[in-house]
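Notes follow once the structure below has been shown.
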Protein chains: 2
Amino acid sequence: MLKYSALKKLLKDHQLRVTDCRLDVLQLFKSRGHALTSRYLEDELTSYDRVTLFRTLNSFIEKGVVHKIPDDSGIARYGICGHSCAPAAHHHDHVHFKCSSCGHVDCLSDYTVPTVTIPGYLIQESNMILNGVCKSCNQ
Amino acid sequence: MLKYSALKKLLKDHQLRVTDCRLDVLQLFKSRGHALTSRYLEDELTSYDRVTLFRTLNSFIEKGVVHKIPDDSGIARYGICGHSCAPAAHHHDHVHFKCSSCGHVDCLSDYTVPTVTIPGYLIQESNMILNGVCKSCNQ
DNA sequence: ACAATAACTGCAATGATGTTGCAAACATGA
DNA sequence: TCATGTTTGCAACATCATTGCAGTTATTGT
């Protein structure tokens with residue numbers, strides 16, 4: 001459970017107004033270790049409108065608080081960004097892992113995406129999603 | 001334009017019944033070089049019901065004819081599989097590239113996803129999606 | 001070639017998710 | 001505290017994914 005002051009600071013640092021909804025969403029991201037779906041937010045924070053949560057996520061993405069994670073399931077997941085993200089530039093060169101056992105998607109912040117170069121192609125961003133069994137489930 | 005016999009063989013090889021819809025969808029995948037959305041199929045093949053195309057894609061995935069490509073846009077794309085795919089095991093260790101200029105998603109069959117090992121994690125599948133400007137648009 | 005069977009298709013309907021406009025409520029800086 | 005611009009909730013709509021069912025079609029064995 002993060003302190004209110006810390007959450008508030010995080011929002012202010014990203015040029016976001018401090019509201020109940022944003023604090024609760026942020027709290028949820030911080031308390032869970034893994035990426036969240038908008039559906040999960042809706043189920044957990046029933047006091048807020050679905051649209052509000054949707055717009056909260058969008059503003060969080062825009063300001064560099066969270067990032068969207070590609071997934072072949074078609075359901076968008078959002079992971080909280082590291083320290084280095086700003087509205088101007090997101091830096092998500094870390095690997096994502098989807099566990100087929102618990103279903104969680106984790107941001108593996110310590111693992112950077114390997115560089116790939118392809119002749120004739122200009123590569124601006126790299127995403128890597130691994131599928132398998134995560135540490136917790138693999139024991 | 002692939003010969004009818006070749007398309008037919010491809011379907012039979014994957015334990016799929018030969019139907020008009022499947023032949024047309026397959027033809028479309030073969031003639032376009034890049035990954036397709038279900039929306040595109042609907043627009044191109046208006047003589048078939050949307051549900052039929054949906055189920056055609058699903059059966060193609062199940063039998064290893066095409067594979068679903070993760071994308072943070074939320075719109076599913078499908079790429080035709082290489083020779084090595086079977087119902088039992090898909091092998092898509094190639095890199096995917098999404099061009100921000102033309103919007104196409106290409107399967108870069110010649111580029112395999114770099115191996116990443118993470119202690120404690122069992123990795124069963126690796127996906128890599130690059131974003132940038134493709135060869136055609138980069139000239 | 002033909003019948004039996006299992007698979008495929010179209011239609012209707014439903015659910016989930018993403019998205020916008022607008023008016024009321026709220027956070028912020030002066 | 002006030003003025004301002006931002007955020008929220010509601011309603012509505014668009015898109016996509018998915019299922020059931022009945023009619024049609026492809027395939028297998030004879």
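A, B, ... follow the sequence lines: proteins, then strands. Residue 1 opens every chain.
- Put simply, B:Tyr78 and A:Ile75 are part of two different groups of oily side chains (I, L, V, M, F, W, Y) that touch within less than 4.5 Å, one to the next.
- Relative to the side chain of A:Thr52, the nucleotides C:dG10, D:dA17, D:dG9 differ in distance, and D:dG9 lies closest.
- Ring-centre distance between A:His34 and A:His96: not below the 6.0 Å cut-off.
- Computed from coordinates, the A:Asp24 CG to C:dC26 P distance equals 15 Å when rounded to whole Å.
- At its two ends the helix from C:dA1-D:dT30 to C:dA30-D:dT1 runs along axes set 50° apart, each axis drawn from five pairs and the angle rounded to 10°.
- Where A:Asp20 and B:Asp49 each meet DNA chain C at their nearest nucleotide, the meeting point lying more 5' is that of B:Asp49.
- Regarding B:Leu36, its CG atom lies at a distance of 14 Å from the P atom of D:dC16, rounded to whole Å.
- Atom pair B:Tyr4:OH and D:dA26:C1' shows a separation of 11 Å (rounding to whole Å applied).
- Across the protein-nucleic acid pair, B:Leu53 atom CG and D:dT19 atom P stand 17 Å apart, rounded to whole Å.
- Protein atom CZ of B:Phe54 is 19 Å distant from nucleotide atom P of C:dA12, rounded to whole Å.
- Rounded to whole Å, atom C1' of C:dT28 lies 14 Å from atom CG of A:Leu11.
- Using a 4.5 Å heavy-atom threshold, the side chains of A:Cys107 and A:Ile69 count as touching.
- If you chain together hydrophobic residues whose side chains sit under 4.5 Å apart, B:Phe29 and B:Leu53 fall into the same group.
- Looking at A:Tyr40 and A:Arg32, their side chains do bring a donor and an acceptor atom within 3.5 Å of each other.
- For the pair A:Met128 and B:Val113, the minimum side-chain heavy-atom distance is below 4.5 Å.
- In this structure, B:Arg50 reaches the bases: a heavy-atom distance under 4.0 Å links it to at least one base atom across the strands shown.
- Of all nucleotides listed (D:dA11, D:dA17, C:dG10), D:dA17 comes nearest to the side chain of B:Ser38.
- In this structure, B:Ile75 places its CD1 atom 12 Å from C1' of D:dA14, rounding to the nearest Å.
- An OP1 or OP2 oxygen of C:dA6 is reached within less than 4.0 angstrom by no side-chain nitrogen or oxygen of B:Arg17.
- Proximity of A:Ser59 to the phosphate of D:dT7: no side-chain N or O atom is located under 4.0 Å from OP1 or OP2.
- Other cluster members for B:Leu122: A:Val133, joined by side-chain heavy-atom distances under 4.5 Å among Ile, Leu, Val, Met, Phe, Trp and Tyr.
- If you look at B:Phe97 and A:Tyr121, their ring centroids are closer than 6.0 Å.
- Put simply, CG on A:Leu23 is 10 Å from P on D:dT8, counting in whole angstrom units.
- Between B:Asn58 and A:Tyr48, it is A:Tyr48 whose nearest contact on DNA chain D lies nearer the 5' terminus.
- For the OP1/OP2 pair of D:dT8 and a distance below 4.0 Å, the side-chain nitrogens and oxygens of A:Arg55 include no atom meeting the criterion.
- Between B:Gly74 and B:Thr19, it is B:Gly74 whose nearest contact on DNA chain D lies nearer the 5' terminus.
- For C:dT17, the OP1/OP2 oxygens have a side-chain nitrogen or oxygen of A:Arg39 closer than 4.0 Å.
- Closest to the B:Arg22 side chain, of the nucleotides D:dC10, C:dC8, C:dG18, is C:dC8.
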